[in-house]
Visitor: 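Here it is, the structure in full.
Atoms considered below: every heavy atom in the structure, side chains included; atoms not considered: hydrogens, waters and symmetry mates. Heads up: numbering here begins at 1 and tracks the sequence.
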Amino acid sequence: MRKDNPETQSSQKYAEKPRRHRGRAKKLALTTPDLVLLSLLAERPMHGYQANLELERREIRDWANLSRPQVYYSMEKLARTGLIRAAETGEPAAGPERSTFETTAKGRAALASTLEHQEWTTQRERPAFLTWLGLSWQARPEAVRLQLRRREEFLERELAGEKETLESILKEVGHPYHEAVWMVSLMIEQFETERKWLKRVQLEIKRRGTAKNPEYAVGEVES
């Protein structure tokens, strides 16, 4: 007899007792993996392995930090707190029986409420390249030029990949008025803007100089 894999066993374990500790749901903060799964399972019921495959197909890691183990951890947490529930589907089982989940009304309400938080719109990124640029005056000149070329090559690769992704998304959704189209279009425009800016920096780098009117903080040293 074929044994279930660990992922299946974990799924079955929390499928049996999805109502335990439901009273804690309001106290648990929803993480990015939680929110992504609530949205995905609101589209249609899926089991953990299937959810992982779909997230990989959609290249989720391009816009959300979500690993395979986090998917199973979040599914257990969401089932325990009543934000998702086991669902029956008409799809034929492939291999061992797997528990399939769907987002509950409570889960959809929690997702909608979290998406209303102001923090979504008032954060700014701290890209590693920007940090490097701020410190680059301490690097050797040849190393600076090399790093700028590496960044340019990276942007070219990312642009090519995002354009392919956009083309496949448009074929799938059939129209340009979709969140996936907007997301990828934004990435393309950001990469193209940075590529144009980078070419200017590469021309200007030889003229870089120190600040002409530097100011420094003045304060008393505490004893």
Visitor: Is the backbone of S67 close enough, under 3.5 Å, to the side chain of Q70 for a donor and an acceptor to pair up by distance?
Guide: yes

Visitor: Quick one: do Q50 and R44 satisfy side chain to side chain contact (heavy atoms under 4.5 Å, CB included)? Show the steps, please.
Guide: CA-CA 11 Å; Q50 189 176 14; R44 70 183 183 92; 3.1 Å; yes

Visitor: Which distance, rounded to the nearest 0.5 Å, do you find between the CG of L37 and the CG of L66?
Guide: 6.0 Å

Visitor: Of all the heavy-atom pairs spanning T165 and E59, show the shortest one and how long it is.
Guide: OG1-OE1, 3.2 Å

Visitor: Is the backbone N or O of L35 less than 3.5 Å from a side-chain atom of S39, with the two atoms forming a donor-acceptor pair by type?
Guide: no

Visitor: Without swapping roles, check the side chain of W120 against the backbone of T114 for a donor-acceptor pair under 3.5 Å.
Guide: yes

Visitor: In this structure, would L115 and L78 fall into the same cluster of hydrophobic residues linked by side-chain contacts under 4.5 Å?
Guide: yes

Visitor: How about E162 and D62: do any of their side-chain heavy atoms sit closer than 4.5 Å?
Guide: yes

Visitor: For atom OH of Y73, is the number of surrounding heavy atoms from other residues, nucleotides or ligands below 6.0 Å larger than 12?
Guide: no

Visitor: Carefully, step by step, assess E153 and R149 under the rule salt bridge (Lys or Arg N to Asp or Glu O under 4.0 Å).
Guide: CA-CA 6 Å; E153 292 169 358; R149 287 198 301 272; 5.8 Å; no

Visitor: Please check if L159 and F154 belong to a single hydrophobic cluster, counting links between Ile, Leu, Val, Met, Phe, Trp and Tyr side chain heavy atoms closer than 4.5 Å.
Guide: yes

Visitor: In the structure I gave you, are the side-chain heavy atoms of E152 and K199 within less than 4.5 Å of one another anywhere?
Guide: yes

Visitor: Can I get a per-line list of side-chain donor-acceptor pairs under 3.5 Å for residues 135-145, giving both atom names and the distance, sequence neighbours left out?
Guide:
unit_1 : atom_1 : unit_2 : atom_2 : d
S136   : OG     : L133   : O      : 2.8
S136   : OG     : R208   : NH1    : 2.9

Visitor: About how many Å separate CD of E179 and CH2 of W63, when rounded to the nearest 0.5 Å?
Guide: 9.0 Å

Visitor: Could you name each residue pair satisfying salt bridge (Lys or Arg N to Asp or Glu O under 4.0 Å) that touches residues 112-127, not counting sequence neighbours?
Guide: none

Visitor: Would you say the side-chain atoms of T32 pair up with the backbone N or O of A64, donor to acceptor, closer than 3.5 Å?
Guide: no

Visitor: Yes or no on side chain to side chain contact (heavy atoms under 4.5 Å, CB included) for M46 and L40, after CA distance, side-chain angles and deciding distance?
Guide: CA-CA 9 Å; M46 298 183 190; L40 182 65; 3.8 Å; yes

Visitor: State whether the side chain of S74 and the backbone N or O of V71 hold a donor-acceptor pair below 3.5 Å, judged by distance alone.
Guide: no

Visitor: Measure the CZ-CG distance between R68 and N52 for me, rounded to the nearest 0.5 Å.
Guide: 4.0 Å

Visitor: Applying salt bridge (Lys or Arg N to Asp or Glu O under 4.0 Å), which residue pairs with at least one partner in residues 185-197 are found, sequence neighbours left out?
Guide: R151-E194, E156-R195, K163-E192

Visitor: Take a 6.0 Å sphere around CD of Q190 and say whether it holds more than 12 heavy atoms from other residues, nucleotides or ligands.
Guide: yes

Visitor: Can you see which heavy atom on V181 is nearest to which on H175, and at what distance?
Guide: CG2-O, 3.9 Å

Visitor: Is the backbone of L38 close enough, under 3.5 Å, to the side chain of T103 for a donor and an acceptor to pair up by distance?
Guide: yes

Visitor: Tell me if the CH2 atom of W197 is crowded by more than 12 foreign heavy atoms within 6.0 Å.
Guide: yes

Visitor: What pair of heavy atoms forms the shortest contact from P176 to L170, and how long is it?
Guide: CA-CD2, 3.9 Å

